[in-house]
Amino acid sequence: ARATSSTSCALASGMRRRTIATSRAVGRLRETNLVKPPGIAETIDWTQALHVLGAPRLDPETAEATLGAALKYREDLVRVQRELDALLGG
């Protein structure tokens, strides 16, 4: 029972970190001039994409691989990919 509880806590902690990271990144995206800024649904989609990939955090590589979950227009995707470091606070 302890192993299961410990595993559940670790999974919840990882999901919490990913949710916070994607929420911050989406907040920065919403401050830019995008065709369609991401909303709550896109934040959830992006967080789930990171979870499915087993990404422990939102780094440039995983952000680029999953950015399509947050951005629906190609113009937005291309623009944000050029500014990815700034988006992630780097």
Side-chain angles (χ1 to χ4, degrees):
R2 278 190 180 164
T4 303
S5 177
S6 176
T7 301
S8 295
C9 288
L11 288 172
S13 177
M15 182 61 98
R16 187 171 38 253
R17 280 193 305 276
R18 286 186 291 270
T19 301
I20 290 168
T22 52
S23 294
R24 287 180 179 152
V26 165
R28 290 185 195 102
L29 284 173
R30 293 182 63 76
E31 294 172 356
T32 63
N33 187 22
L34 299 175
V35 174
K36 184 190 180 302
I40 294 170
E42 289 81 13
T43 304
I44 293 167
D45 291 346
W46 201 4
T47 301
Q48 287 178 329
L50 294 170
H51 177 70
V52 167
L53 290 176
R57 66 188 176 285
L58 184 62
D59 58 29
E61 184 178 323
T62 56
E64 187 164 357
T66 57
L67 203 51
L71 300 172
K72 304 306 178 196
Y73 287 94
R74 177 130 179 88
E75 307 91 87
D76 290 343
L77 188 62
V78 170
R79 180 176 177 203
V80 169
Q81 284 175 328
R82 288 192 307 250
E83 302 168 8
L84 203 51
D85 284 339
L87 167 71
L88 298 176

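Computed over heavy atoms, backbone and side chain alike; hydrogens, waters and symmetry mates excluded.
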Is there any salt bridge (charged side-chain N to carboxylate O under 4.0 Å, His left out) pair reaching into residues 43-56, and which pairs are they, with sequence neighbours excluded?
-> none
One should read off an interatomic distance between Q48 CD and T43 OG1, to the nearest 0.5 angstrom, of 11.0 Å
List the atom of L71, the atom of D76, and the distance in Å for their closest heavy-atom pair.
-> CD1-O, 3.8 Å
Going by the side chain to side chain donor-acceptor pair (under 3.5 Å) test, name the single residue among R30, K72, K36 that passes it with E42.
-> K36
Minimum heavy-atom distance between L29 and L34, given as atom pair plus value | O-CD1, 3.5 Å
Heavy-atom pair with the smallest gap, counting every atom of A70 and P38 = O-CB, 3.3 Å
Which donor-acceptor pairs under 3.5 Å do side chains of residues 54-61 form with protein atoms, sequence neighbours excluded?
| unit_1 | atom_1 | unit_2 | atom_2 | d |
| --- | --- | --- | --- | --- |
| D59 | OD1 | E61 | N | 3.2 |
| D59 | OD1 | T62 | N | 2.8 |
| D59 | OD1 | T62 | OG1 | 2.8 |

Which pair of heavy atoms, one from V35 and one from E75, lies closest together, and at what distance?
-> CG2-OE1, 3.9 Å
In terms of hydrophobic clustering (I, L, V, M, F, W, Y; side-chain heavy atoms under 4.5 Å; direct or indirect links), are L67 and I44 co-clustered?
-> no
Would you check if R79 and N33 make a side-chain contact, meaning some heavy-atom pair closer than 4.5 Å?
-> yes
